[in-house]
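Convention: sequence-line order gives letters A, B, ...; per-chain numbering from 1. Only a predicted model underlies this, so the values are computations on that prediction, with no experimental measurement involved.
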Amino acid sequence: MARVIVDVMLKPEILDPQGRAVSGALTRLGITGVNDVRQGKRFEITVDGNVADVDESAMRSIAEELLSNPVIEDYTLRIEP
Amino acid sequence: MTARIGVVTFPGSLDDRDAARAIRIAGGEPVVLWHADADVRGVDAVVLPGGFSYGDYLRCGAIAKFAPVMGTVIEQARTGLPVLGICNGFQILCESHLLPGALTRNDHLHFICRDQRLRIDATDTVWTAAYTPGEEIVIPLKNGEGGYVADESTLDALEAEGRVVARYLEVNPNGSRRDIAGVADPTGRIVGLMPHPEHAVEALTGPSTDGLGFFASMVTSLIESAP
């Protein structure tokens, strides 16, 4: 089995109110030195076969067309054993 | 001539019945469309109603765009089928790339439900022709992810081309860029709107009957264009 990891983050210029709320909570907890928090999504897709068998272009299509919205989000993709 | 306007029901749609009723009150014939059925039954126009299609999982509208009915709606919308997306329907139209931009989490993170004053800025769309330019209306707004965002060049183009259909007045309720409440495609046949005109078509149940104009615009357009 191989795993495809897709991390999806809001583009830097898109406001992330959830991340801002987390950042506010950290301040209330007395944590200092935190400059910013951005919240994203991580997908772990388990596929048959080993790393060499993974159809990376198909996985990128999934990441671009379903897992992320390219208007507001960026994604990174990596394949692990 | 009857104006047959389809209303799609997705799993999680909430406002399909109200949309159908608004169409009926405006003089049209509502046609029930089902998410799993690619057949749109020869309708003259489609309304994508509000709600939480597919539970809003992943992103609002992200899964709905792959529903069988949407395959047909997207294909026909590209060749002129008028489509009005309200709230979740607006999110689906953006996810489907039939409209530019996206709807994101309200900047204050709270779900809002209020009667909202809007200004109709574009009356040259098939869904807003019954209004006068600059007309102010009050209709319900209820959303958790209604913040309209797009890059600056897209926002500039929307304004330059007169494709901002409606703007929020008095208060920006969700952090939408440039107070945008609704936008249109370049043809004026596809319109997305975050507030809910279908909830403001009768004095008994709405804050006004100001929402009726969206449906009346479409019915009039269909009747006038009939051979």
Side-chain angles (χ1 to χ4, degrees), chain A residues 3-31 34-47 54-80, chain B residues 53-67 70-71 74 88 90-112 143-158 172-180 183 185 192:
Chain A
R3 266 198 328 173
V4 180
I5 311 291
V6 180
D7 289 312
V8 177
M9 294 296 295
L10 283 171
K11 289 178 188 288
E13 65 271 25
I14 302 292
L15 179 72
D16 177 11
Q18 293 183 101
R20 203 174 52 186
V22 173
S23 183
L26 291 176
T27 304
R28 288 193 296 279
L29 286 168
I31 310 288
V34 174
N35 195 272
D36 190 25
V37 177
R38 305 281 291 173
Q39 179 177 322
K41 296 191 191 93
R42 171 186 164 110
F43 300 89
E44 299 181 352
I45 306 165
T46 308
V47 295
V54 175
D55 183 345
E56 186 174 334
S57 70
M59 289 295 150
R60 288 199 177 274
S61 300
I62 291 169
E64 278 162 32
E65 289 163 27
L66 178 62
L67 303 182
S68 73
N69 177 351
V71 176
I72 51 170
E73 295 169 324
D74 295 323
Y75 75 91
T76 58
L77 182 152
R78 65 181 190 278
I79 302 167
E80 295 180 347
Chain B
S53 59
Y54 300 91
D56 271 357
Y57 295 153
L58 188 59
R59 292 178 310 280
C60 305
I63 297 177
K65 74 173 165 179
F66 294 112
M70 284 306 299
I74 292 168
N88 189 224
F90 187 11
Q91 294 163 338
I92 295 169
L93 289 175
C94 287
E95 281 283 343
S96 305
H97 306 302
L98 288 172
L99 290 175
L103 283 311
T104 60
R105 187 67 65 103
N106 294 348
D107 59 351
H108 47 71
L109 287 171
H110 299 288
F111 190 94
I112 44 164
N143 67 69
E145 306 200 22
Y148 183 76
V149 298
D151 59 45
E152 290 297 313
S153 62
T154 301
L155 294 170
D156 289 343
L158 285 170
N172 183 329
N174 47 28
S176 290
R177 306 298 303 276
R178 305 192 192 183
D179 301 332
I180 290 173
V183 300
D185 80 322

Q: Supply the atom-to-atom distance A/Glu13 CD to B/Asp151 CG, rounded to the nearest 0.5 angstrom.
A: 7.5 Å
Between [X] and [Y], what is the shortest heavy-atom contact and its length?
| X | Y | value |
| --- | --- | --- |
| A/Arg20 | B/Asp107 | NH2-O, 2.9 Å |
| A/Ile14 | B/Val149 | CD1-CG2, 4.1 Å |
| A/Asn69 | B/Ala102 | ND2-CB, 3.9 Å |

Would you say that [X] contacts [Y] through its side chain, given a criterion of any heavy-atom pair below 4.5 Å between the two side chains?
| X | Y | answer |
| --- | --- | --- |
| B/Arg59 | A/Lys41 | yes |
| B/Thr104 | A/Leu15 | no |
| B/His97 | A/Val71 | yes |

**Q.** chain A contacts, top residue of B/Ile63, B/Asn106, B/Leu109 (heavy-atom pairs, under 4.5 Å)
**A.** B/Leu109
(Q) I'd like to know whether CZ of B/Arg177 has more than 12 heavy-atom contacts from other residues, nucleotides or ligands below 6.0 angstrom. (A)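 12 or below, so no.
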(Q) Looking at B/Phe111, I want to see if its CZ is surrounded by more than 12 non-hydrogen atoms of other residues, nucleotides or ligands under 6.0 Å. (A) yes
Q) Of all of A/Pro70, A/Ser68, A/Ala21, which one pairs up most often with chain B through heavy atoms under 4.5 Å apart? A) A/Ser68
Q: Let me know if A/Gln18 has heavy atoms under 4.5 Å from chain B in its side chain, its backbone, both or neither.
A: both
